[in-house]
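All values derive from a computational prediction rather than experimental measurement. Sequence lines set the chain letters: A, B, ... in the order given, protein chains first and strands last, and positions in each chain run from 1.
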Amino acid sequence: MKTSPAPTTGRALAKELLDWYDRHHRDLPWRISPPMAARGVRPDPYHIWLSEVMLQQTTVQAVKAYFAKFVTRWPTVDALAAAPSEDVMAAWAGLGYYARARNLKKCAEAVASLHGGRFPDTEDGLRSLPGIGDYTAAAVAAIAFNRPAAVMDGNVERVISRLYAVDVPLPGSKPAMKARVAELTPSDRPGDFAQAMMDLGATICTPRRPACALCPFRRDCRALEGDDPERFPVKAAKKEKPVRLGAAFVAVDLDGNVLLRRRVETGLLGGMTEVPTTDWNSRKDGETGTSAAPFAAEWKACGTVTHVFTHFELRLSIYRFHGPAPNDVRIHGWWEDVANLDAQALPTVMKKAISQAIPEAFPIERG
DNA sequence: AAGACGTGGAG
DNA sequence: TCTCCAAGTCT
């Protein structure tokens with residue numbers, strides 16, 4: 001039988017965590033580490049904002065290369081604001097959730113034109129910008145501007161739900177948990193506290209097999225006391241993914257150009273580039289045929305591509321055409337040199353479709 | 001307020 | 001193979 005943990009004040013918990021962070025923080029490209037911060041070095045709000053948007057529902061590992069690419073190409077928010085949208089979308093291609101890229105551009109333009117190139121330094125000011133929600137507003141306010149904002153992301157939800165053994169399922173428990181975070185957040189180093197909570201969730205208080213023996217909260221954690229930390233956070237059950245079917249048409253002309261189109265600005269893969277496809281629906285496989293092709297020709301079936309999106313699974317039948325480019329008025333879009341496909345705003349599912357039809361199109365990415 | 005919205009890595 | 005999920009936001 002375990003004894004109850006000694007009652008620990010929020011202030012003491014915060015100190016435990018910050019001490020842990022000083023020794024075990026991760027070094028990340030956009031982060032000013034505690035030793036540097038102690039010398040008065042401050043983070044670049046542009047870097048913090050850019051990284052936070054990229055990190056929404058995305059792993060640190062995936063973000064690193066994109067972050068480096070963006071800050072090299074667009075070193076300031078003004079530079080990003082001045083960039084063509086197509087360039088930004090192409091640079092974002094592969095990272096997913098493309099509304100983030102559209103809003104990134106809009107936000108940069110707003111900061112450049114409405115705020116003279118400087119980010120607002122309050123939660124409310126940040127929250128009003130495109131693509132900045134509760135989490136990102138609090139994170140940028142705390143990390144970039146040292147405001148005592150309560151930062152709660154998936155990591156913090158996990159840490160808090162375990163620390164207090166929260167039985168109410170997410171997302172219903174969110175407001176109560178955010179109140180807990182607000183209690184704990186110190187006025188002294190709120191940015192480091194937020195980053196420490198997230199590092200703790202990412203490296204110690206992990207979804208599976210948490211390393212509780214190494215946790216600065218191990219003496220205070222109600223979930224550990226109950227002996228089953230993995231039970232938290234409690235979440236609502238998720239639905240199963242429907243399957244949708246469609247066909248994609250990869251046309252290559254005699255000069256080695258591929259027919260591409262731009263998708264509409266909103267919705268799935270909005271504003272990104274694609275090869276012509278049918279609608280994606282639940283009709284039986286093979287029913288589509290080539291009647292929906294962008295032009296009448298000898299389309300050759302060359303297999304299928306499966307791609308899993310967040311809320312459905314897509315099975316695309318791939319068709320290939322090679323021959324003279326038809327002069328067909330129904331074709332909207334453009335013919336792009338195969339050698340130039342890497343510079344296009346092609347989402348992963350479209351790269352898969354093109355690779356299936358013409359394997360030499362993306363030689364480096366073939367595995 | 002519940003569903004739309006991508007992708008790739010880990011176990 | 002398959003399930004989960006990673007620093008959420010918008011409508």
A:His307 side-chain N/O to B:dG6 phosphate OP1/OP2 under 4.0 Å = no
Given atom CG of A:Leu314 and atom C1' of B:dC5, what is their separation to the nearest angstrom?
-> 14 Å
Using heavy atoms to find the nearest nucleotide of DNA chain B for A:Gln61 and A:Leu269 separately, return the residue whose nucleotide is more 5′.
-> A:Leu269
Spacing between A:Tyr97 atom OH and B:dG8 atom P, to the nearest angstrom = 13 Å
Of A:Val308 and A:Arg244, the one whose closest nucleotide on DNA chain B sits nearer the 5' end is A:Arg244
Counting any heavy atom closer than 4.0 Å, what does A:Gly201 reach on the DNA or RNA strands: base, sugar-phosphate only, or nothing?
-> nothing
May I ask you to say what A:Val60 touches in the nucleic acid, namely base, sugar-phosphate or nothing, with a heavy-atom cut-off under 4.0 Å?
-> base
Identify whether any heavy atom of A:Thr348 sits under 4.0 Å from a base atom; if not, whether one sits that close to sugar-phosphate; answer base, sugar-phosphate or nothing.
-> sugar-phosphate
Measure from CD on A:Glu157 to C1' on C:dG8 and round the result to the nearest Å.
-> 10 Å
For residues A:Gln56 and A:Tyr135, is any side-chain donor paired with an opposing acceptor at under 3.5 Å?
-> no
Among C:dC5, C:dC10, B:dG6, find the nucleotide with the atom closest to the side chain of A:Leu268.
-> B:dG6
Sugar-phosphate, base or nothing in reach of A:Arg26, heavy atoms under 4.0 Å = base
Hey, quick one: are A:Leu28 and A:Ile32 part of the same hydrophobic cluster, counting side-chain heavy atoms closer than 4.5 Å, chains of contacts allowed?
-> no
Quick note, A:Pro207 side chain, CB onward, closest among B:dT7, C:dA6, C:dC4 is C:dA6
Using the C1' atom as the reference point in each nucleotide, state the distance between C:dC5 and B:dG6 in Å, no decimals.
-> 13 Å
Find the distance A:Asp153:CG to C:dC5:P and express it as a whole number of Å.
-> 14 Å
Heavy atoms under 4.0 Å, any strand shown: does A:Trp49 hit a base, just sugar-phosphate, or nothing?
-> nothing
Using atom C1' of each nucleotide, how far apart are C:dC10 and B:dA1 to the nearest Å?
-> 12 Å
Answer yes or no: does a side-chain N or O of A:Gln57 lie under 4.0 Å from OP1 or OP2 of C:dG8?
-> yes
Is a donor-acceptor contact shorter than 3.5 angstrom present between the side chain of A:Thr310 and the base of B:dG6?
-> yes
Rounded off to whole Å, could you give me the NZ-to-P distance for the A:Lys352 and B:dT7 pair?
-> 8 Å
Quick one: label A:Gly270 by what it contacts on the DNA or RNA (base, sugar-phosphate, nothing), any heavy atom closer than 4.0 Å.
-> nothing
Whole angstrom is fine here: how far is it from OH in A:Tyr98 over to C1' in B:dA4?
-> 15 Å
Does A:Asp19 come within less than 4.0 Å of A:Lys15, counting only side-chain N to carboxylate O?
-> yes
Atom CZ of A:Phe312 and atom C1' of B:dT7 are separated, to the nearest Å, by 13 Å
Relative to each other, are the rings of A:Phe119 and A:Trp49 parallel, tilted or perpendicular (30° and 60° limits)?
-> tilted
Of all the nucleotides listed (B:dC5, C:dC10, C:dA6), which has the minimum atom distance to the side chain of A:Thr59?
-> C:dA6
Specify the residue among A:Arg31 and A:Asn103 whose closest nucleotide of DNA chain C lies further upstream toward the 5′ end.
-> A:Arg31
What is the distance from CZ of A:Arg102 to C1' of C:dT9, rounded to the nearest Å?
-> 12 Å
Give the ring-plane orientation class for A:Trp299 versus A:Phe249, where under 30° counts as parallel, over 60° as perpendicular and anything between as tilted.
-> perpendicular
Under 4.0 Å between any heavy atoms, over every strand shown, what does A:Ser51 touch: base, sugar-phosphate, or nothing? Just pick one.
-> nothing
Which nucleotide in B:dA4, B:dG6, C:dT9 has an atom nearest any side-chain atom of A:His311 | B:dA4
Is the gap between the ring centers of A:Phe309 and A:His311 under 6.0 Å?
-> no
Sorted by position of nearest nucleotide on DNA chain C, 5' first, the leading residue of A:Tyr135 and A:Gly131 is A:Tyr135
Are OP1 or OP2 of C:dC5 and a side-chain N or O of A:Lys238 less than 4.0 angstrom apart?
-> yes
Identify whether any heavy atom of A:Leu28 sits under 4.0 Å from a base atom; if not, whether one sits that close to sugar-phosphate; answer base, sugar-phosphate or nothing.
-> base
Between the base of B:dG6 and the side chain of A:Thr58, is there any donor-acceptor pair under 3.5 Å?
-> yes
Pair A:Lys178 + A:Asp134, salt bridge at N-O below 4.0 Å | no
